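All residue numbers refer to positions in the sequence shown, counting from 1. Owing to the predicted nature of the structure, the values given are computational and were not obtained by experimental measurement.
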Amino acid sequence: MKRPAAKKGYTARDMRAVSENPEWTNADFASAKTFDEAFPGMRKGRGPNKAPTKQQVTLRLSPDVVDYFKAEGPGWQSRIDETLVKVVKRRRSSATG
């Protein structure tokens, strides 16, 4: 047996739940301020690095590599970078020694 289609629109209960946040009028929009006007001097986002230590690149990796590092949790991109840095240092030291 098919379920009846869900009703579209808002119920009186929905409207009561948001009644403290009424719909904006044209006057509300006319008197609204931009973020910069409302919060002068507040920094948005992280901003530029003072001394970038890494270079952004696009890199295609095999799914096995990505899955391995992602399985260890957040920060997987940094762990890939750390692993590659270790390999480069090891190869440089073996090439000079």
Side-chain angles (χ1 to χ4, degrees):
M1 182 172 172
K2 278 189 168 181
R3 288 185 172 176
K7 291 183 181 180
K8 294 184 179 182
Y10 299 104
T11 65
R13 182 178 179 182
D14 295 332
M15 296 309 288
R16 282 192 305 274
V18 296
S19 64
E20 290 182 15
N21 189 13
E23 190 171 327
W24 277 37
T25 64
N26 287 338
D28 292 327
F29 280 105
S31 65
K33 296 179 180 180
T34 65
F35 182 90
D36 291 331
E37 291 170 334
F39 304 99
M42 183 176 242
R43 186 175 72 151
K44 294 184 285 187
R46 288 179 55 182
N49 289 333
K50 291 180 181 175
T53 57
K54 295 182 180 178
Q55 180 179 1
Q56 183 174 351
V57 297
T58 300
L59 178 66
R60 297 178 65 86
L61 302 170
S62 69
D64 289 341
V65 171
V66 175
D67 292 342
Y68 175 83
F69 283 94
K70 277 188 172 183
E72 295 178 8
W76 61 274
Q77 296 99 328
S78 295
R79 285 193 300 278
I80 291 174
D81 180 63
E82 291 166 5
T83 303
L84 291 172
V85 167
K86 287 177 186 176
V87 169
V88 169
K89 285 182 181 179
R90 193 176 313 131
R91 288 190 177 186
R92 281 184 180 160
S93 66
S94 65
T96 59

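No side-chain donor-acceptor contact under 3.5 Å links R79 to the backbone of K70.
Donor-acceptor pairing under 3.5 Å is recorded for the side chains of T11 and D14.
Applying the 6.0 Å contact sphere to CG of N26 captures no more than 12 heavy atoms from other residues, nucleotides or ligands.
The salt bridge (charged side-chain N to carboxylate O under 4.0 Å, His left out) test applied to D28 returns no partner, not counting sequence neighbours. Remark: E37 engages no residue in a salt bridge (charged side-chain N to carboxylate O under 4.0 Å, His left out) (not counting sequence neighbours).
Within the structure, ring pair (Phe, Tyr, Trp, His ring centres under 6.0 Å) pairs that include any residue of residues 39-96 comprise F35-F39 (at least two apart or interchain).
With rounding to the nearest 0.5 angstrom, the CG atom of L59 is 8.0 Å from the CG atom of L84.
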